[in-house]
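The model shown is predicted, which means the values in this text are computed figures rather than measured ones.
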Amino acid sequence: MNAKTNITPKIVAEHGLSQSEYELICERLGRQPNINELGIFSVMWSEHCSYKSSRRHLGKLLTKGKRVIQGPGENAGVIDIDDGDVIIFKMESHNHPSYIEPYQGAATGVGGIMRDVFTMGARPIANMNALRFGDPAHPKTKTLVAGVVQGIGGYGNCVGVPTVGGETNFDAGYNGNILVNAMCVGLARADKVFYSAAKGVGNPVFYVGSKTGRDGIHGATMASAEFDDDSDAKRPTVQVGDPFTEKLLIEACLELMATDAIIAIQDMGAAGLTSSAIEMADKGGVGIHMNLDKVPQREPDMTPYEMMLSESQERMLMVLKPGKEHIAIEIFEKWDLDVAEVGKTTDTGRLVLTHKKKKVCDIPIAPLADDAPNLDRPYTSPIKREILKHDPMFDPNERGSSYNAVLKTLLSCPDIASKRWIWEQYDRTVMGDTVDSSQSGGDAAIVRIHGTNKAIAITTDCTPRYCSADPYEGGKQAVAETWRNLTCTGAQPIAITDCLNFGNPERPEIMGQFVYALKGMDEACRALEYPIVSGNVSLYNETNGQAIPPTPAIGGIGLISDLQRHAEISGAKDGDTLILIGETKGWMGASLYAQAILGLNREDSTVYAPPPVDLHLEKINGDYVRRLILDRRIRAVHDLSDGGLALAALEMAFTNDMGVTLNNGPDMPLYAWLFGEDQGRYLLCVDEYSVNPVVSTAQTLGISAKVVGKIGGDRVSAHGGFDLSLRGAHMVYESWLPEYMAS
Amino acid sequence: MKTAVIVFPASNCDRDAAVALEKVTGRSVQMVWHEERTLPTVDFVVIPGGFSYGDYLRSGAIAARSPIVQDIVRKAKTGLPVAGFCNGFQVLTESGLLPGALMRNKGLRFVCKPQKLNIVNSSSMFTKAYKNQTEITVPIAHFDGNYYADDDTLSEMRKSGQIIFTYEGNPNGSSKDIAGISNKAGNVLGMMPHPERAIDPMHGGTDGLKLFKSVLESIQ
Amino acid sequence: MKAIIHINLKPGVLDPQGRTIARSLTHLGFDGVTAARQGKTIELDLKGEDKDAAETQVKDMCEKLLANTVIENYRIEIVE
Amino acid sequence: MKAIIHINLKPGVLDPQGRTIARSLTHLGFDGVTAARQGKTIELDLKGEDKDAAETQVKDMCEKLLANTVIENYRIEIVE
Ligand SMILES: Nc1ncnc2c1ncn2[C@@H]1O[C@H](COP(=O)(O)OP(=O)(O)O)[C@@H](O)[C@H]1O
Ligand SMILES: [Mg+2]
């Protein structure tokens with residue numbers, strides 16, 4: 001593509017622009033755009049950059065709160081964790097690139113999200129990953145798992161940031177579109193947070209980091225386009241990550257940030273130089289003039305079009321205070337990184353680009369942002385599912401099976417079985433502050449704030465099974481589960497980030513999933529005072545008309561003010577009593593039991609309503625558990641999620657390397673008591689002196705609290721139900737994934 | 001005891017090593033940039049873990065050719081105590097201060113977990129504070145930890161007490177389960193496990209502390 | 001029979017290893033090096049005698065496992 | 001001028017990558033593979049025209065940095 005390219009309707013269409021969008025561009029320019037300008041408009045108005053399908057809905061979410069310093073709109077969200085410390089965090093998807101090239105796709109996903117965080121002045125202190133793969137039996141799944149996990153580890157381990165937790169699901173709905181969502185959490189001082197608004201005229205614009213190559217040109221438009229069977233052939237150049245350079249970039253940026261040279265800074269993410277320059281200029285209300293000859297280039301003869309649309313990794317754009325240029329140059333040269341002054345801010349409000357002494361782009365900046373399409377796509381409300389009633393036929397013994405067999409099936413079910421094969425490939429202990437991580441199988445990771453006695457708890461969650469059955473309840477549940485997981489550590493949940501993965505929004509039923517999931521999420525955020533401060537939308541996760549299950553992945557952060565008062569899933573002592581907080585009705589619809597044992601959920605007609613989340617009970621139950629932890633009443637704690645009471649108890653048993661005995665339940669079928677997935681519940685492990693106080697105080701607060709069993713011994717059993725050796729059950733739990741990966 | 005930690009591009013356990021040394025010595029640690037040509041006057045040098053130069057070419061290879069390592073090699077030969085953990089171990093074998101080489105893990109996967117180690121030589125200057133403790137648990141986190149040396153070298157090392165730590169349950173395919181070795185003179189230690197990540201009950205346990213205490217005792 | 005497969009990054013794909021190697025050679029005083037690229041070779045011992053059949057089979061192996069054709073090119077050499 | 005350096009593990013040094021490759025090929029149904037070894041190549045762009053001088057210099061680079069002679073052999077090929 002060069003400047004003389006004639007803009008035909010075909011070229012317009014190839015840039016993903018509609019005829020009316022093209023006409024709007026011509027109107028704003030007062031002329032036809034040249035190819036560079038067309039390219040710039042097309043990426044800025046792509047789904048990925050403009051959020052055109054989602055913007056009006058995202059605007060309704062709760063984004064403010066007592067501890068929120070910066071909500072959505074910057075590179076990442078910023079929250080206050082006292083003493084002048086802030087946490088900066090965000091989650092982002094790298095789904096399509098990871099499907100095409102799993103190692104590099106996942107690696108560059110991790111690199112990209114880290115840049116969003118350190119660009120704001122934070123040192124990354126923890127990474128998380130939320131992964132969804134297809135059916136294990138699908139021929140591509142194993143290679144994708146291996147590549148993605150190695151890519152995440154390869155990048156995160158090299159930069160020296162611990163990957164402390166995550167989640168992994170397998171479902172045929174992701175066969176053609178896996179999800180790789182990476183989250184990064186950083187730590188900064190409140191008075192040293194950097195923003196992207198390029199204020200002031202005549203200030204130097206600096207490019208730092210790696211050179212620009214022809215990587216992933218059109219990546220941003222690709223990320224917004226539906227796949228078809230030809231995508232394999234149309235593969236664009238994939239970006240290759242260079243974690244070594246990223247590590248140098250982190251150190252160099254933080255060193256420069258310690259001086260007062262920077263006015264604004266922005267990483268080059270999707271749509272690289274284009275979106276970083278335009279976003280900085282737009283936020284600062286200025287224009288930018290860049291000389292593209294100055295851009296460090298990896299290859300000869302790069303055109304302006306290629307430079308502006310390249311997605312080469314490990315690059316940043318900065319506006320510096322005049323007179324401070326030498327400080328930046330010195331630091332970046334010390335770290336062996338490219339650094340170049342590529343332009344200046346202007347008072348024209350325009351993006352002007354020159355190349356080989358010719359003007360190759362001259363467009364007003366405001367319309368790029370303000371006139372970006374903001375669609376009101378039609379949507380339909382999701383089907384209301386029936387409630388699955390208890391039925392004697394659900395009893396394992398009636399089905400010609402047994403509780404032991406059922407339990408083994410569940411323990412080796414891909415969504416439950418241990419993910420050790422994955423997280424052992426992640427360095428979880430570098431930086432010396434990981435108090436708890438995937439290793440314990442607990443609910444949230446705990447990372448200490450270096451040199452202090454406080455910590456943050458971090459979790460990611462979403463149950464696609466529930467979201468498929470009912471996007472509204474599923475959205476609500478995802479937020480509530482993260483809140484519950486953080487609460488399990490004794491943390492005060494503060495805020496969340498999200499990664500909203502859905503199918504093609506041009507289909508009203510998919511748009512309906514999106515709108516209703518958001519509605520559920522928002523209700524939970526408001527009830528739990530738990531705002532959304534950053535996030536990302538990934539649409540068009542669809543192949544040949546097959547959309548993924550709606551998957552609003554949520555990443556939550558909580559604050560542990562005093563590490564002497566926190567809890568984990570470990571810490572149980574032989575003979576301790578198990579108390580169940582929260583009411584059990586034995587909800588079976590959309591449960592793991594319904595799917596893995598009863599074979600429901602497989603097709604639309606067999607999907608039943610997922611467990612509803614009562615946000616009032618969620619709040620009082622959680623607040624009570626947190627209070628017990630702060631009062632040091634609890635030895636160990638775990639929330640109840642997939643597989644209900646039985647699986648929660650077994651996971652606790654495995655971590656503590658002790659057996660469990662579960663009592664009979666109240667008046668309901670045993671399978672429903674053991675495997676029902678009612679929400680808002682916690683399993684507490686307490687010493688004998690705490691049993692009565694914990695139960696009786698709960699009663700005065702109107703909270704359900706029942707003694708359900710004991711921990712200790714070397715068997716895992718439920719009265720009238722299963723009875724297995726601890727070691728045997730643990731082996732079943734540990735073997736599925738390594739055996740699958742080796743097969 | 002005065003100590004220094006070397007910083008290469010993409011070292012990432014440099015801070016962790018400094019925290020450990022400060023905790024044990026009670027004094028601040030000198031961080032030395034790889035381009036320096038001479039070490040400051042110190043009693044003990046740590047080459048930290050990480051991915052110096054991205055582990056490109058071979059782990060530790062490029063760092064081993066840096067100016068500061070040339071000075072470390074000179075001074076180690078006159079008796080300066082030096083320890084390399086993880087990537088630091090790789091730098092030490094690449095520099096020739098320690099025999100053998102560290103290759104890709106046999107399982108071809110990065111592995112991070114708490115690891116039981118046997119203390120094979122408890123009289124070395126890096127282990128004497130463990131007294132008659134024979135087993136410790138220390139985190140490992142590496143991709144290239146598979147120790148290789150030819151048979152002659154291995155038996156030579158065994159005879160002269162250079163095998164300091166072995167793994168209980170080999171996580172990476174190392175010859176003779178080797179986790180950590182010293183040079184013949186006994187003043188240079190290289191080990192894949194991270195003792196600097198085992199100095200705190202909240203994080204990795206405290207089994208690494210005595211390694212640093214051993215050096216402190218030996219020097220005083 | 002033996003097959004040697006030479007695998008290299010496609011032109012235009014970032015090669016961080018190669019770049020770092022070139023830089024460190026320069027640092028070590030080898031100033032004649034203007035660029036470096038790193039590739040890999042896989043050497044296979046094969047049963048059978050038929051060169052053409054071997055070549056076809058090795059090509060299949062490359063496409064299915066040995067090369068990552070999204071970012072890599074490969075070249076097959078069959079030696080006795 | 002270009003130099004290609006072929007680096008291979010010395011005979012007798014266990015090659016976990018090669019072994020895994022052979023095993024996975026068999027797993028994929030390629031049953032004619034009896035062994036596999038993985039090596040690497042480093043391709044250098046060099047200034048100057050003198051082939052012999054280049055060879056000497058590249059040998060020096062290999063000894064000083066590019067190969068680890070404890071475990072690796074190398075072979076230099078100068079092209080053009
Ligand atoms: N991709 C992953 N990366 C790191 N840790 C993971 C990953 N997948 C699962 N885990 C870990 O496995 C454990 C179980 O995960 P999950 O079943 O999602 O827990 P829960 O439902 O209790 O939140 C957690 O400790 C989690 O951090
Ligand atoms: Mg969870």
Side-chain angles (χ1 to χ4, degrees), chain A residues 123-124 146 149-164 241-252 334-337 420-440 446-448 450-451 453 455 563-564 566 568 738 741-742, chain B residues 7-20 22-23 31 33-35 48-57 59 62-63 85-87 105 107-115 137-144 171-172 193-205 208:
Chain A
R123 175 173 287 283
V149 170
Q150 273 217 4
I152 291 172
Y155 207 100
N157 299 346
C158 181
V159 294
V161 176
T163 301
V164 293
D242 179 3
F244 171 53
T245 298
E246 177 102 339
K247 167 72 175 167
L248 304 186
L249 198 55
I250 295 176
E251 299 305 330
K334 169 185 157 196
W335 288 99
D336 222 350
L337 293 163
R420 178 184 302 274
W421 189 93
I422 295 175
W423 50 252
E424 262 188 8
Q425 297 189 55
Y426 301 153
D427 191 337
R428 303 175 305 283
T429 48
V430 62
M431 295 186 93
D433 287 306
T434 306
V435 176
D436 197 16
S437 72
S438 318
Q439 191 163 310
S440 72
I446 302 176
V447 176
R448 183 172 52 193
H450 192 66
N453 185 40
L563 268 172
Q564 307 314 312
H566 86 275
E568 297 176 18
M741 293 308 296
Chain B
V7 185
F8 299 104
S11 286
N12 59 32
C13 308
D14 44 338
R15 185 184 80 181
D16 307 1
V19 168
E22 265 164 36
K23 184 160 186 161
M31 307 304 280
W33 186 238
H34 66 116
E35 281 176 344
F51 282 73
S52 61
Y53 294 94
D55 269 3
Y56 297 152
L57 187 62
S59 314
I62 299 177
F85 307 134
C86 199
N87 192 228
N105 292 349
L108 301 185
R109 287 197 300 278
F110 188 96
V111 53
C112 173
K113 62 175 188 182
Q115 174 68 47
T137 298
V138 174
I140 55 169
H142 59 248
F143 210 153
D144 297 307
N172 54 27
H194 286 276
E196 81 284 10
R197 295 189 195 178
I199 57 160
D200 181 338
M202 285 251 182
H203 176 263

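- Heavy-atom distances place both the backbone and the side chain of B:Pro9 under 4.5 Å from chain A.
- When each of B:Ala10, B:Ala141, B:Ala198 is checked for heavy-atom pairs under 4.5 Å with chain A, B:Ala10 comes out on top.
- Nearest heavy-atom pair across A:Asp433 and B:Arg15 is OD2-NH2, 3.3 Å.
- When each of A:Arg420, A:Lys334, A:Glu251 is scored by its heavy-atom pairs under 4.5 Å with chain B, the top score falls to A:Lys334.
- When every heavy atom of A:Phe244 is checked against every heavy atom of B:Gly54, the shortest pair comes out as CD1-N, 3.3 Å.
- Neither the backbone nor the side chain of A:Asp436 comes within less than 4.5 Å of any heavy atom of chain B.
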*Yes or no on side-chain contact (heavy atoms from CB on, under 4.5 Å) for B:Arg197 and A:Asp427, after CA distance, side-chain angles and deciding distance?*
CA-CA 12 Å; B:Arg197 295 189 195 178; A:Asp427 191 337; 2.8 Å; yes
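- Looking at A:Arg448, only its side chain comes within 4.5 Å of chain B, counting heavy atoms on both sides.
- Residue B:Trp33 comes nearest to A:Trp335 through the heavy atom pair CH2-CZ3, 3.5 Å, listed as atom of the first residue, atom of the second, then distance.
- The minimum heavy-atom distance linking B:Ser11 with A:Lys247 is given by the pair O-CE, 3.2 Å.
- Of the possible donor and acceptor atoms, one in the side chain of B:Asn12 sits under 3.5 Å from a partner among the backbone N and O of A:Cys158.
- Judged purely by atom type and a 3.5 angstrom limit, B:Arg109 has no side-chain atom pairing as donor or acceptor with the backbone of A:Gln425.
- Using a 4.5 Å cut-off between heavy atoms, A:Ile250 does not touch chain B at all.
- Residues forming a ring-ring contact (aromatic ring centres under 6.0 Å, His included) with A:Tyr155 (at least two apart in sequence, or on another chain): none.
- The side-chain heavy atoms of B:His194 and A:Thr429, taken from C-beta on, include no pair separated by under 4.5 Å.
- Listed by chain and residue number, B:Tyr53 satisfy the side chain to side chain donor-acceptor pair (under 3.5 Å) test with B:His34 (two or more places apart in sequence, or in another chain).
- Looking at A:Val161, there are no atoms closer than 4.5 Å to chain B (heavy atoms on both sides), in backbone or side chain.
- Minimum heavy-atom separation, B:Cys13 to A:Val430: SG-CG2, 4.1 Å.
- For the residue pair B:Phe51 and A:Asn157, the shortest heavy atom distance occurs at CE1-O, 3.2 Å.
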